Structures are given as structure tokens and as C-alpha cells.
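In each ligand, atom 1 is the first atom listed, and ligand 1 is the first ligand listed. All of these numbers come straight from a predicted model, not from anything done at the bench. When reading the values below, keep in mind they use all heavy atoms of this one structure, side chains included, and skip hydrogens, waters and symmetry mates.
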Amino acid sequence: MSNSLISSDIDFEAKGKHTGFLRLPHSVHRSAYGRILMPIVVFNNGDGPTTMLMAGNHGDEYEGQIALSKLSRELEAQDIQGRLIILPMANFPAAQAGRRTSPLDDGNLNRAFPGEPHGTPTQMIAHYIEAELLPMCDYFFDFHSGGSSLYYPATLLRGLGHSAKESAKLIELQAAFDAPYAWVFTSGGGRGSTARTAMGGGNRQGAITLMAELGGGGAVSPDILALTERGIKRLIHATGMLPAYVPDKANGTREMTIVDTVTAYDNGLFEPYFAVEDEVKKGEAAGAIHFPETPWRAPILLEFQQGGMVLCQRVPGLVERGDCLFQVANDLY
Ligand SMILES: [Zn+2]
């Protein structure tokens with residue numbers, strides 16, 4: 001056992017379906033012996049691998065939280081071969097507030113790994129996930145979206161794998177999830193990862209790790225939610241843990257990597273000339289930043305530095321210097 005102060009209601013070795021909470025001590029003015037109660041569901045049946053499904057790493061990303069809530073109610077222990085851990089609101093205070101970061105400590109969970117056992121709430125959650133949960137896992141899937149500020153079409157994210165065997169499994173799982181796009185990280189990852197993300201934690205702890213970007217803009221997209229629910233069942237099936245599930249025909253995934261990020265250098269109102277999935281050319285105008293406070297001032301035009309497909313766009317029109325406005329992706333090979 002690690003030196004985490006977080007305790008679990010659930011015995012991870014006990015067979016059956018278990019629902020309960022991870023309890024994080026949080027002593028505040030209005031509640032001296034208070035606890036943050038973070039929901040967790042565990043299915044443990046027969047022999048098989050351990051898979052963890054996580055959402056709410058960023059609290060303003062909703063498709064994964066809804067899909068995992070549905071799955072928690074729908075599945076019974078006998079449906080599962082092995083152990084399935086569902087953590088639907090990983091940074092619980094952020095998810096409860098519908099914010100990317102925690103209102104308690106301003107912590108961004110996906111920049112807090114490997115965490116601190118006696119740190120702030122966000123650091124303690126990161127530590128519990130990396131030190132207690134991930135070492136149990138053969139597979140780890142972390143479901144994100146673009147959050148309040150960005151929007152992605154349904155996109156699976158993966159590394160190249162640190163061995164031929166892991167690479168083959170990642171590609172098999174990518175095909176199983178069957179999102180229209182995959183963003184493949186061509187560097188980093190592996191057991192020596194120094195990433196502060198949950199994916200970094202999964203790689204360090206030896207779990208086969210995937211994440212996904214599923215819509216965004218602070219909203220829930222019905223089409224992407226349906227794809228997410230289908231994809232999660234197909235992923236669990238591909239690990240051998242959902243034997244009775246019969247996947248339908250796959251639609252195929254376009255493998256891409258990011259080649260350009262368009263950044264704002266001025267504060268103003270952004271007029272995008274393109275949207276996600278549009279094909280753009282190198283040197284083409286990406287959009288304009290307007291200055292309605294001085295409406296006779298000419299807008300500033302921004303250019304794409306590389307051609308490709310728009311994989312991600314900023315949602316709010318109000319932009320500040322340093323904001324990401326577009327990500328452009330190109331085919332991996
Ligand atoms: Zn996220």
C-alpha cells in the first residue's frame with residue numbers, strides 16, 4: 001500500500017459488482033471532518049485482465065462521464081470476464097463544478113501526475129490514481145473532450161507503444177474504438193514517460209493506455225455520445241472482458257498527427273474561416289482577429305503554417321494572446 005490518505009469503500013479483490021466512493025479527507029470551515037466522496041464502480045468476475053475506464057479528469061468534458069454512468073447501471077458482474085474499474089468523475093470537485101480545473105486548488109488533474117500523497121486535493125487524486133489504481137491495470141482508457149474552450153470530432157489518442165507487442169495492441173484497440181480519427185503521438189510515452197498526464201501515469205505503470213477527445217465546447221453532442229458508448233463496449237470486448245458482446249462492422253479510423261497550431265497574438269474577437277474536418281492549405285488565411293472597440297482598425301489575419309485537416313478549433317469567440325485557435329493534423333504516413 002502507498003501512503004495515500006484516500007481510502008476506498010471497495011475491496012478491489014472481492015468478486016461481484018460493487019458501488020461506492022473513494023474518500024478524500026477535506027477539513028474546511030463548515031465541515032471539520034469532511035470528506036470528498038468520489039464515485040467508483042468495480043466489476044470483478046472470473047479470470048481476466050483489469051481495465052480502468054476514467055472520465056471527468058477535466059470536469060467540463062461530459063460525453064465520457066455520461067457514457068460511464070450508463071455503463072455503471074447497465075452492466076452486471078456476470079457480463080465481465082476479469083476486473084473493470086469505472087471512475088466517472090476523476091477530479092470530482094472540478095467535475096461537480098463543470099470546470100476544467102478544481103475550484104478547491106485550481107488544480108488541473110491532467111497536469112498533476114504522478115501527484116503528491118499529502119498535497120492539494122488534485123495532487124492527492126493524481127497520486128491515488130497513479131500509485132493505487134494504475135498498478136492494478138492491464139488497460140487504462142481516459143475519456144476527454146475539448147472542454148469549454150476547444151472542440152474536436154471524435155478522436156482517439158495513442159502513442160506508438162514501447163514494444164512491437166504493445167504497438168500491435170494499441171492499433172487493435174484503436175480499430176475497436178472505431179472513432180473517425182486517431183491522433184498518434186510520435187514521441188514520448190513508454191515506461192520512462194515524464195508526462196504529467198494520466199496517460200503518462202498509465203505508461204509509467206505499464207498499462208496499455210489510450211485516451212480520447214470527444215466533442216467539447218462545454219456541450220454534449222448526441223452523435224459523439226452514441227459513438228462513445230459504442231466505442232467503450234467495443235474496447236472492453238477487445239480486451240476479452242465482454243465476451244457476449246457482438247461488435248458491428250467498423251467504419252475505420254484515419255490516423256493523423258498534429259503538424260500546426262494556430263495561436264492568437266492579440267486580444268480580440270476571432271472570426272474563424274474554417275471548422276473541424278475542413279482541409280486547409282499552407283499559407284492560407286485561418287481567420288481574423290477583430291477589434292470592435294476600435295472598429296475602424298483593420299483586423300489581423302492569421303495563417304496556417306502547414307496544410308492538412310482542422311482537427312481542433314477554439315469555441316469561444318473572445319480570444320486572448322496565447323490562446324490556441326486551431327490544430328491542424330496530417331495523415332500519419
Ligand atoms: Zn481533457
Could you name all protein N, O or S atoms found under 2.8 Å from the Zn ion (ligand 1)? His58 ND1, Glu61 OE1, Glu61 OE2, His144 ND1
Shortest non-hydrogen contact from Gly115 to Ala126?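 Smallest interatomic distance, heavy atoms only, reads CA-CB, 3.8 Å.
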Least distance between heavy atoms, Gln174 atom then Glu255 atom: NE2-OE2, 3.0 Å
Salt bridge or not for Glu166 and Lys169, using N-O below 4.0 Å?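 Judged by the 4.0 Å cut-off on N to carboxylate O distance, Glu166 and Lys169 do not form a salt bridge.
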State whether Phe113 and Arg196 meet the cation-pi test: NZ (Lys) or CZ (Arg) under 6.0 Å from the six-membered ring centroid, and within 45° of the perpendicular axis.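 Not satisfied by the 6.0 Å and 45° rule.
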Checking Leu157 against His144 for the side-chain contact (heavy atoms from CB on, under 4.5 Å) test, could you report, in this order, the C-alpha distance in whole Å, the side-chain angles of both residues, the deciding distance, and whether it holds? CA-CA 10 Å; Leu157 279 64; His144 290 247; over 6 Å; no
Partner residues of Lys15 under the side chain to side chain donor-acceptor pair (under 3.5 Å) criterion, sequence neighbours left out: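 Lys15: side chain to side chain donor-acceptor pair (under 3.5 Å) contacts with Asn44.
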